[in-house]
Amino acid sequence: MSLSNNDTTTTQNGLPDRTKPSPPLSQPSSYHPSTTAIHADDDLNPTIPDIAPPIHISSTFRYSSDPTALIPAKDSSTNPIPTDAHIYSRLTTPTTTRAELLLHPLLHSPAVCYSSGLAGLHALYCFLNPRRIAITGGYHGSHGVVNLHRKLTGATILPLDCPAHDIGEGDVVHLETPINPTGEALNIALHAAKAHARGAILVVDSTFGPPGLQDPFVQGADVVMHSGTKYLGGHSDLLWGVLATNKPGWVEGLRAERTYLGNVMGGLEAWLGVRSLRTLEIRVRRQSDNAVQLVEWLDGELQNDPNGVVSSAVGKVVAQVKHASLQTQDMHWLRPQMPGGFGPVFALMLKTEQMARHFPSNLQLFHHATSLGGVESLVEWRAMSDTTVDTRLLRISVGIEHFEDLRDDLANGFRAVAEEH
Ligand SMILES: *Cc1c(COP(=O)(O)O)cnc(C)c1O
């Protein structure tokens, strides 16, 4: 099956035929995302019978054996990116190109891949070179990148809720939503309006709200960033960054600068990434549904304490549950912003630091580790990796296990910690 009517430009032996033009990337398609994720790259399949894509590891690629087909660099345009005529792997490779081809319809904008989420963010700040960046809390590593940009350029860092007149043309409003580590959501449309009224650019780190849950472009994002390491990858086995943007010329500019930053995604990682995108939609929906059910259960346990008398083990250990699904006062903008679900990460504020330190060791199914987005559920005493966070906070990344098993595991953990303390 083919999503476009382009002939594949391969020779009979399956090798690229550089005498024919490359098929253009990123055919818009009317298929559902779950279909697109399986078929948007069908045009890249060479005339060999493999169903799974080949693994390409070459760092360099043979030029055409036909001297008349050789185009010197000074005469060749850099765009559109070639789907078959690869030159050197710091520019493009077959499998990273395949990943970008799949991401375009999933993210509803052309996308560029990087070696990690933060590598992509750094590339974005190099490209935009803003004089001011408005940002709040969220992933601590993103602040590390913003601080690097400040070191190199002298840029000013402002609070996200700064007065609109503090930002201007070409500045960046950096919005992470849902936000690390609590999984609570911020209003994209509100920040888009503020940024655009001042000629500033809205960058949305949508890592906690992967495709299937939200599309920040609908609410006005100019650039959407993902740490593909998390949900796009989904199996805790690769680093991956993605930038997508609908601004004319920006993807081409990012791709051109990536050649000199050299922060490209490796071919083997791209192969894992492509394999992961096939199942993105069903993974994320199951993870988000599981999280909403767990949050509902935990919140119910806290609400049901009659007259403030702490009866359940949850009530003895947990002070507060934090998650977008609990933002009942925000549903008028939040439901349209996250039509597919409220995200698979939530946080628990325990009653004491000691409880938060001990709780992860009392679980069987949730691994105690940082990161998120994988098929396996994780819990993290967040103080282990974030120096700025409340030491009573646990971050939970919900996997695709069965809800009741996850609930029972947490319940056993709460009972054990309640008895210990
Ligand atoms: C993990 C993460 C990043 C950084 O991504 P890496 O792939 O680890 O570089 C950025 N933002 C958020 C919200 C993240 O969770």
Side-chain angles (χ1 to χ4, degrees), residues 96 99 103 107 111-126 133 135-149 160 172-186 188 191 202-211 213-214 216 221 223-244 258 261-266 269-270 272-273 276-277 284 287-288 291 322-324 338 342-347 369-374 378-380 382 384-389 393-399:
T96 52
L103 285 167
L107 299 176
V112 191
C113 291
Y114 294 91
S115 55
S116 71
L118 291 189
L121 194 60
H122 176 60
L124 181 62
Y125 282 120
C126 288
I133 300 167
I135 185 169
T136 188
Y139 183 62
H140 56 93
S142 300
H143 290 265
V145 171
V146 167
N147 285 330
L148 272 178
H149 182 69
L160 182 69
V172 163
V173 173
H174 180 123
L175 184 71
E176 184 180 312
T177 185
I179 193 164
N180 182 68
T182 63
E184 291 167 308
L186 302 175
I188 298 173
H191 290 281
L202 180 66
V203 174
V204 174
D205 181 341
S206 191
T207 300
F208 279 41
L213 302 186
Q214 68 180 16
V223 181
V224 173
M225 177 221 144
H226 284 274
S227 167
T229 311
K230 314 298 170 49
Y231 293 98
L232 304 182
H235 296 73
S236 308
D237 54 9
L238 75 150
L239 285 171
W240 183 9
V242 175
L243 297 177
R258 185 184 60 182
L261 287 166
N263 53 5
V264 288
M265 188 183 195
E269 278 78 4
L272 288 170
S276 295
L277 288 179
V284 165
Q287 288 171 287
S288 183
K322 290 168 179 276
H323 188 237
M338 301 195 78
F342 295 109
V345 173
F346 65 92
T370 196
S371 197
L372 56 117
L378 303 181
V379 60
E380 184 184 25
R382 194 60 185 152
M384 290 296 291
S385 62
D386 187 341
T387 56
T388 63
V389 81
L393 191 122
L394 295 169
R395 188 181 72 182
I396 294 185
S397 167
V398 182

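Counting starts at 1 for both ligands and their atoms, following the listed order. Quick caveat: nothing in here was measured; it's all calculated off a predicted structure.
Geometrically, Lys230 engages Tyr139 in a cation-pi contact, judged by NZ or CZ lying under 6.0 Å from the ring centre and within 45° of the ring axis.
Each of the atoms 6 (P), 7 (O) of ligand 1 lies under 4.0 Å from some heavy atom of Thr229. Within ligand 1, counting atoms from 1 as listed, the ones closer than 4.0 Å to a heavy atom of Gly117 are 5 (O), 6 (P), 7 (O), 9 (O). Here is the list of ligand 1 atoms found below 4.0 Å of a heavy atom in Leu118: 4 (C), 5 (O), 6 (P), 9 (O). Interface atoms of ligand 1 facing Met225, defined by a heavy-atom separation under 4.0 Å, are 10 (C).
For Trp240 against Ala99, the heavy-atom pair with the smallest separation is CZ2-CB, 4.3 Å. What you find for Met265 and Leu239 is that their closest heavy atoms are CE-O, 4.4 Å.
Partner of His143 under the side chain to side chain contact (heavy atoms under 4.5 Å, CB included) criterion, out of Ile135, Leu148, Thr388, Thr136: Ile135 alone.
Under the 3.5 Å distance criterion, the side-chain polar atoms of Arg395 are left unmatched by any main-chain donor or acceptor of Leu372. Formation of a donor-acceptor pair under 3.5 Å by the Thr177 side chain with backbone atoms of Leu186 is found in this model. Between the side chain of Ser288 and the main chain of Gly343, a donor-acceptor pair closer than 3.5 Å is present.
From the protein, the heavy atom lying nearest to atom 14 (C) of ligand 1 is Lys230 NZ, 3.0 Å. The protein atom (non-hydrogen) at minimum distance from atom 5 (O) of ligand 1 is Ser227 OG, 2.9 Å. The protein heavy atom nearest to atom 4 (C) of ligand 1 is Tyr139 CE2, 3.4 Å.
When heavy-atom distances to ligand 1 are checked against a 4.0 Å cut-off, Asn180 has no atom that comes that close, whether in backbone or side chain.
At least one heavy atom of Asp205 lies less than 4.0 angstrom from ligand 1.
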